[in-house]
Amino acid sequence: MGKALIIGAGGVANVVAHKCCQVPEVFEEICIASRTLKKCEDIRDKLTGSRTKVRVAQVDADQTEEVIQLIKEFQPELVINVALPYQDLTIMEACLATGVHYVDTANYEPPNVPKFEYKWQWAYREKFAQAGLTALLGSGFDPGVTGVFCAYAQKHYFDEIHTIDIVDANGGDHGYPFATNFNPEINIREITAKGRYYKEGEWIETDPLSVKKVYDLEEIGPKNIYLLYHEELESLAQNIKGIKQIRFWMTFSDNYLNHLKVLENVGMTSIEPIEFEGQQIIPLHFLKAVLPDPASLGPRTKGKTNIGCIIQGVKDGQPRTYYVYNICDHQECYAEVGSQAISYTTGVPAMIGAKLIMEGKWQKPGVYNVEEFDPDPFMADLNKYGLPWREDFAPTLLDEE
Ligand code: NDP
């Protein structure tokens with residue numbers, strides 16, 4: 001059917017590349033391009049024997065011109081951006097300049113301001129619409145599958161959705177005293193920020209990690225979950241009509257939080273540059289350099305993830321409750337594609353979003369979040385490509401725990 005350019009060569013890109021190669025009738029050729037060519041080559045070398053042709057390229061995606069040149073040479077139908085959120089806008093610009101569709105998994109964040117918001121990417125709506133191109137934002141798991149879950153609930157089970165609680169649990173253990181499951185910089189910036197949730201038309205701010213509950217998760221057991229702000233809250237609060245409250249919760253072990261507290265207290269999570277032995281360094285960048293590479297956690301991580309949406313609302317005048325979730329096993333992911341479940345649960349939906357655009361099922365000129373498309377083909381592909389979902393019509397509600 002066509003060609004896709006994958007930008008980035010980290011844990012998520014590894015999964016995207018493997019998954020594209022499982023669908024050669026759609027992805028006839030892929031190019032894995034990133035800042036460090038060797039990482040692209042390492043992924044390519046694991047894909048020998050695939051019917052999908054695989055090539056690699058070096059690109060600095062902070063430079064729009066470099067991305068434009070690469071797109072002109074490779075001529076893909078779309079770009080799957082699984083580099084870092086800092087590259088979203090330069091890559092979107094390059095897609096506009098060359099007339100190709102765009103998919104990503106994380107919203108833009110300026111490198112020097114720890115604040116992620118969709119406003120910078122939504123500002124491209126008209127430009128993509130006029131160019132007849134689709135930009136699909138946030139096609140990972142959360143954001144991504146969580147938005148599709150909400151759209152599916154809205155389409156099939158509710159006349160009105162009133163509350164959504166997104167619960168992201170990782171019961172995996174990698175055996176290190178402290179490591180992050182995806183890019184440490186992005187992860188730590190997200191967790192150390194203030195919490196925020198949407199209620200009755202307003203955003204309510206909470207101190208970082210100050211709101212905690214215990215929730216019993218299938219195949220994981222009871223876990224501490226903490227209220228965080230997460231980017232899909234912004235788009236879902238707009239796109240789910242009649243929504244009254246939406247919150248996001250994530251599990252963290254006491255051990256993880258103790259390490260984080262110490263690192264914060266000594267200044268290691270700061271993004272303010274400091275002078276060190278004659279050069280300027282950013283403490284968080286230095287911390288990233290000394291922590292284990294998330295891509296190296298795969299072989300060591302045991303246990304499961306369980307991520308889903310607990311939804312309350314009304315159907316035919318009656319109150320209704322619905323929980324839709326996926327359980328994913330770290331070791332099974334590693335055996336299949338050589339990455340742990342965090343990268344797997346992000347990379348599979350990125351491939352599916354790209355596939356649906358390539359097939360024309362999710363083509364809509366403009367810039368859209370996942371919940372703005374028909375959820376049915378996406379939900380079917382989740383079952384087909386490794387992230388089967390389960391439903392529960394009588395779940396325990398968070399405020400009952
Ligand atoms: P990694 O840090 O493992 O990989 C990022 C890759 O991007 C690296 O190969 C890196 O290159 C490359 N890169 C960084 N800057 C540039 C640049 N300027 N030009 C070209 N390549 C660049 O991250 P992950 O694979 O874990 O995550 C990828 C993305 O997925 C992130 O945006 C993350 O926020 C998002 N994510 C989304 C989730 C979701 O559920 N929606 C969950 C988890 C992650 P180099 O190797 O040279 O540093």
Side-chain angles (χ1 to χ4, degrees), residues 5-18 31-43 56-67 70 79-91 94 103-109 111 116 121 136-149 166 168 170 179-191 228 230-233 235 248 250 284-285 288-289 291-298 305 307-308 326 328 333 337-353 369-370 387:
L5 170 62
I6 300 167
I7 301 187
V12 176
N14 175 57
V15 177
V16 174
H18 275 82
C31 175
I32 308 161
S34 190
R35 197 164 47 183
T36 313
L37 185 64
K38 171 79 171 63
K39 290 195 184 174
C40 308
E41 291 168 344
D42 289 348
I43 297 177
V56 293
Q58 199 275 331
V59 72
D60 178 356
D62 288 323
Q63 311 302 325
T64 306
E65 253 330 292
E66 283 195 25
V67 184
L70 178 60
V79 173
I80 307 174
N81 168 16
V82 279
L84 296 179
Y86 315 127
Q87 284 82 48
D88 288 1
L89 301 187
T90 47
I91 298 176
V103 177
D104 70 26
T105 65
N107 72 7
Y108 178 69
E109 183 172 350
F116 43 88
Q121 291 182 276
L136 174 63
L137 306 185
S139 192
F141 205 103
D142 43 348
V145 176
T146 50
V148 177
F149 281 169
I166 300 169
D168 176 335
N170 181 8
T180 61
N181 289 301
F182 66 98
N183 185 283
E185 187 183 346
I186 307 295
N187 188 218
I188 290 172
R189 279 167 70 134
E190 179 175 274
I191 297 163
L228 289 188
H230 221 241
E231 61 198 59
E232 65 265 52
L233 302 186
S235 67
F248 183 94
M250 196 178 264
L284 183 55
H285 288 181
K288 176 176 185 255
L291 287 176
D293 177 357
S296 72
L297 301 179
T305 61
I307 316 174
N326 161 264
C328 194
C333 295
V337 299
S339 287
Q340 34 78 352
I342 306 298
S343 303
Y344 191 91
T345 53
T346 311
V348 171
M351 180 283 285
I352 294 174
N369 294 85
V370 287
L387 295 176

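We count ligands from 1, going down the list as the structure has it; atoms in each ligand are counted the same way.
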Judged by atom type as modelled, is there a donor-acceptor pair below 3.5 Å linking the side chain of Asp104 to the main-chain atoms of Ser139? no

Only counting residues at least two apart or in another chain, list the ones meeting salt bridge (charged side-chain N to carboxylate O under 4.0 Å, His left out) with Asp42. Lys38

Option whose closest heavy atom lies nearest to atom 47 (O) of ligand 1, chosen from Val16, Thr36, Ile7: Thr36

Heavy-atom distances under 4.0 Å decide this one: backbone, side chain, both or neither, for Ser343 against ligand 1? neither

Mutual orientation of the aromatic rings belonging to Phe141 and Phe149 [parallel < 30°, tilted 30-60°, perpendicular > 60°]: perpendicular

Any atoms of ligand 1 less than 4.0 Å from a non-hydrogen atom of Asp60? List them with their elements. 17 (C), 18 (N), 19 (N)

Yes or no on side-chain hydrogen bond (donor to acceptor under 3.5 Å, both in side chains) for Thr90 and Asp62, after CA distance, side-chain angles and deciding distance? CA-CA 6 Å; Thr90 47; Asp62 288 323; 5.0 Å; no

Check each of Leu84, Val370, Val59 against atom 5 (C) of ligand 1 and report the one with the nearest heavy atom. Leu84

Heavy-atom closest pair (Val67 atom, Ala61 atom, distance to 0.1 Å) is CG2-CA, 3.7 Å

Here the atoms of ligand 1 under 4.0 Å from any heavy atom belonging to Asp62 are 18 (N)

Atoms of ligand 1 less than 4.0 Å from Pro85 heavy atoms? 32 (O)

Could you tell me, atom by atom, which parts of ligand 1 come under 4.0 Å of a heavy atom of Ala9? 6 (C), 8 (C), 9 (O)

Identity and separation of the nearest protein heavy atom to atom 11 (O) of ligand 1: Ser34 OG, 3.4 Å

Looking only at protein heavy atoms, identify the closest one to atom 23 (O) of ligand 1 and say how far it is in Å. Asn183 CB, 3.9 Å

Ignoring hydrogens, what is the shortest heavy-atom contact between Val59 and Ala33? Give both atom names and the distance. CG1-CB, 3.8 Å

Does any N or O atom in Phe141 lie less than 3.5 angstrom from one in ligand 1, N or O only? yes

How far is atom 25 (O) of ligand 1 from the closest protein heavy atom, and which atom is that? Val12 N, 2.9 Å

Main chain of Leu84, side chain of Gln87: is a donor-acceptor contact present, judged purely on distance under 3.5 Å? yes

Could you tell me the residue and atom name of the protein heavy atom closest to atom 44 (C) of ligand 1, and the distance to it rounded to 0.1 Å? Phe182 CD1, 3.7 Å

Taken to the nearest 0.5 Å, the spacing of Ile80 CD1 from Ile91 CD1 works out to 11.5 Å

Ranked by distance from atom 43 (C) of ligand 1, the top protein heavy atom is Thr346 OG1, 3.4 Å

Can you check which of Ala61, Ala13, Ala83 brings a heavy atom nearest to atom 28 (C) of ligand 1? Ala83

Show, in sequence, the C-alpha distance, side-chain angles and deciding distance for Glu232 and Asp142, and conclude whether the side chain to side chain contact (heavy atoms under 4.5 Å, CB included) test is met. CA-CA 7 Å; Glu232 65 265 52; Asp142 43 348; 3.1 Å; yes

Least distance between heavy atoms, Ala341 atom then Cys333 atom: CA-SG, 3.7 Å

Nearest non-hydrogen partners of Ile43 and Ala17, listed with the distance: CG2-CB, 3.8 Å

Contact check: Gly8 vs ligand 1, nitrogen or oxygen atoms, below 3.5 angstrom: no

Check whether any N or O atom of Arg35, backbone or side chain, sits under 3.5 Å from an N or O atom of ligand 1, and answer yes or no. yes

Under 4.0 Å from a heavy atom of Gly11: which atoms of ligand 1 are those, numbered in the order shown and with their elements? 3 (O), 25 (O)

Counting non-hydrogen protein atoms only, what is the nearest one to atom 30 (O) of ligand 1? Give residue, atom name and distance. Thr105 OG1, 3.1 Å

What protein heavy atom is closest to atom 1 (P) of ligand 1, reported as residue, atom name and distance in Å? Gly10 CA, 4.0 Å

Find all atoms of ligand 1 within a distance of less than 4.0 Å from any non-hydrogen atom belonging to Ile186, and give their numbers and elements. 34 (O)

Any atoms of ligand 1 less than 4.0 Å from a non-hydrogen atom of Lys39? List them with their elements. 45 (P), 46 (O)

For Ala106, take its heavy atoms, then give the atoms of ligand 1 lying under 4.0 Å from any of them. 32 (O), 34 (O)

What one should report as the nearest heavy-atom pair of Ile342 and Thr345 is O-OG1, 3.2 Å

Is there a donor-acceptor pair under 3.5 Å between the side chain of Gln121 and the backbone N or O of Leu137? no

